[in-house]
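Comments concern the structure below.
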Number of protein chains: 2
Amino acid sequence: MSIRIGIMGYGNIGRGVECAVRHAPDMELAAVFTRRDPGRVSVLTPGVPVLPAQEAMAHADGIDVLMLCGGSATDLPVQTPLYARRFHVVDSFDTHADIPAHFDAVDRAAREGGRVAVISAGWDPGLFSLNRLLGGAVLPDGADYTFWGRGISQGHSDAIRRVEGVADARQYTVPVESALAAVRAGQTPSLTTRQKHTRECYVVAKPGADLAKIEHDIITMKNYFDEYDTTVHFVSQQELDRGHAGMPHGGFVIRSGKTGWEKEHGSVMEFRLALDSNPEFTASVLVACARAAHRMAQQGQTGCKTMLDIPPALLSPLDAATLRKTLL
Amino acid sequence: MSIRIGIMGYGNIGRGVECAVRHAPDMELAAVFTRRDPGRVSVLTPGVPVLPAQEAMAHADGIDVLMLCGGSATDLPVQTPLYARRFHVVDSFDTHADIPAHFDAVDRAAREGGRVAVISAGWDPGLFSLNRLLGGAVLPDGADYTFWGRGISQGHSDAIRRVEGVADARQYTVPVESALAAVRAGQTPSLTTRQKHTRECYVVAKPGADLAKIEHDIITMKNYFDEYDTTVHFVSQQELDRGHAGMPHGGFVIRSGKTGWEKEHGSVMEFRLALDSNPEFTASVLVACARAAHRMAQQGQTGCKTMLDIPPALLSPLDAATLRKTLL
């Protein structure tokens, strides 16, 4: 029987989950829940009901795993503990500093409800975290590097849009090529924030706005841009829509370490992602985690898990014997 | 208390395990077992006993995990089921086609003995298998590519040494740059064996040998070279020893797939290894798996496992809360 998936929140991630479920051989979409007027939300999958978020609890028996597709700032800290009492759930909570507190709150709720909750799934946190773990476990004498990009940062794009005189904007995070090349070659440089990434901004100014002031306000913005080399390109709305409408992202996790009695031999482990659609790929990881959550629940497990806790075989639609025969 | 490691077989992998245990914060080497005369085997770790292989069973109480460092052809098919009845064990069995049968034999023995056995650990099988699994689980609509090298293939080097007139040889497996570049860029070409790898041979001929015949015998050798573009370089023994004494290896696992409702967006997942010492890195993976085996045993698990079955957190010396706080 297919794993019946529910989606809570129909934004970019929610729609990405819908697409990933379509292509998963062992899943079906059971319902989409939204806080908007359900009559005004149209989903891609024929015949799937769109229901008000507050009715979700009443549909728990028809859903094997509920995918929580809200934002990390305000939605997930409330939603994940709430729904983990009644559903097996997966979220993509990505405020790194708050993960331990989120884990504890969700773990308590999931154990009380006898459910499995996978939190902080996706690629960072998620697959990148997994690769940082593998690097440190296999090469304890070494250094870790994470580079992001080239890709759109939603948070930085939003920050630029709040600058006076800005009508619209997209911001790309870009790894510094020379730093990346040095690390990939097995060197272990000490790199400052500025030496690892640059920030490229494509900005549509409002008519009559002071471009020099906009540029200054962006590149000096605390926490977002002041520690980076930032370039600002003013473009028309049409140029922005034509050339910068996608949501590409990706990056690198590199572990550079030593083996041997006197640590005389170098090893480099590298994991790279290059994604045309960040939310669709993130959602694809969430859907693989939903499969694992369903199976862990069937094994009688409860509580909060991250991708670091999931036996990898549980992520795959193939059974263990087939995996051993075909992938090992 | 440290995890007490035993090593069965003191070749390249066994010595690599010894080095990795030295650098693991939570492990100590308890004993080395050898089929050679123990008096003639000298290990690197001061104070560690070297004992005859046949005495291993008598030392089971002093060893938490026994690392089986023999060869896949004849040693491990016998040793792993034998020792899995009495020890928690880890092996690097790498005859891909025989893994299912090896798994079954080891699983039976380990369950009967109430032990945990991790088989086929290392990088391929091992970390590469894990990445093939992740690729297929996250991007079901896609294609897998594994490239090996540039690195020394022990099996192919041995095969050349058996050619008439050859005194010594090393063989490098080399990915074809153009094929690798196409796959890394997200293309999904169909590639023949010849289009994926070339083979570079460094050969020391015996005095008076017929070089043209040696070259012909190598490049036409069935199963080893006939399906590849192979180049043969004749060198002196000194040149071979000076320039080709190391055991570098590595490679790439690349998954290229599509996301989106109509599969309109590309994603590339790439895992790369570049290793100065293949056996030391392989051994470092085995040692991380020994930690996981020890922990799974403490949880009450028994039977045969592969790296696809191990919750990643168990590979790390850090506890789960620290991993969530620092890596997620």
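So that the names make sense, note that chain A is the first sequence line, chain B the second, and so on, each numbered from 1.
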>> Heavy-atom pairs under 4.5 Å with chain A: which of B:P312, B:A24, B:A288 has the most?
In response: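 That would be B:P312.
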
> For chain A, which of B:K258, B:K263, B:R255 has the most heavy-atom pairs under 4.5 Å?
Replying inline: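 It is B:K263.
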
Can you check whether [Y]'s main-chain N or O pairs, donor with acceptor, with [X]'s side chain at less than 3.5 Å?
X	Y	value
A:E270	B:R272	no
B:R22	A:W261	yes
A:H23	B:G260	yes
B:R132	A:L327	yes

> What parts of residues 294-301 of chain A touch chain B if we use heavy atoms and a cut-off under 4.5 Å?
Replying inline: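 Within residues 294-301 of chain A, no residue comes under 4.5 Å from chain B.
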
> What distance do A:R324 atom CZ and B:I119 atom CD1 have between them, rounded to the nearest 0.5 Å?
Replying inline: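 Those atoms lie 7.5 Å apart.
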
> Out of curiosity, A:L275 CG to B:T259 OG1, how far, rounded to the nearest 0.5 Å?
Replying inline: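 Rounded to the nearest 0.5 Å, the CG-OG1 separation comes out at 8.0 Å.
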
Please flag which part of [X] lies under 4.5 Å from any non-hydrogen atom of chain A: side chain, backbone, both or neither.
X	answer
B:L318	neither
B:R15	neither
B:D94	neither

> Of all heavy-atom pairs between B:A137 and A:R291, which one has the smallest distance, and what is that distance?
Replying inline: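 Heavy atoms only, the tightest pair is O-NH1, 4.1 Å.
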
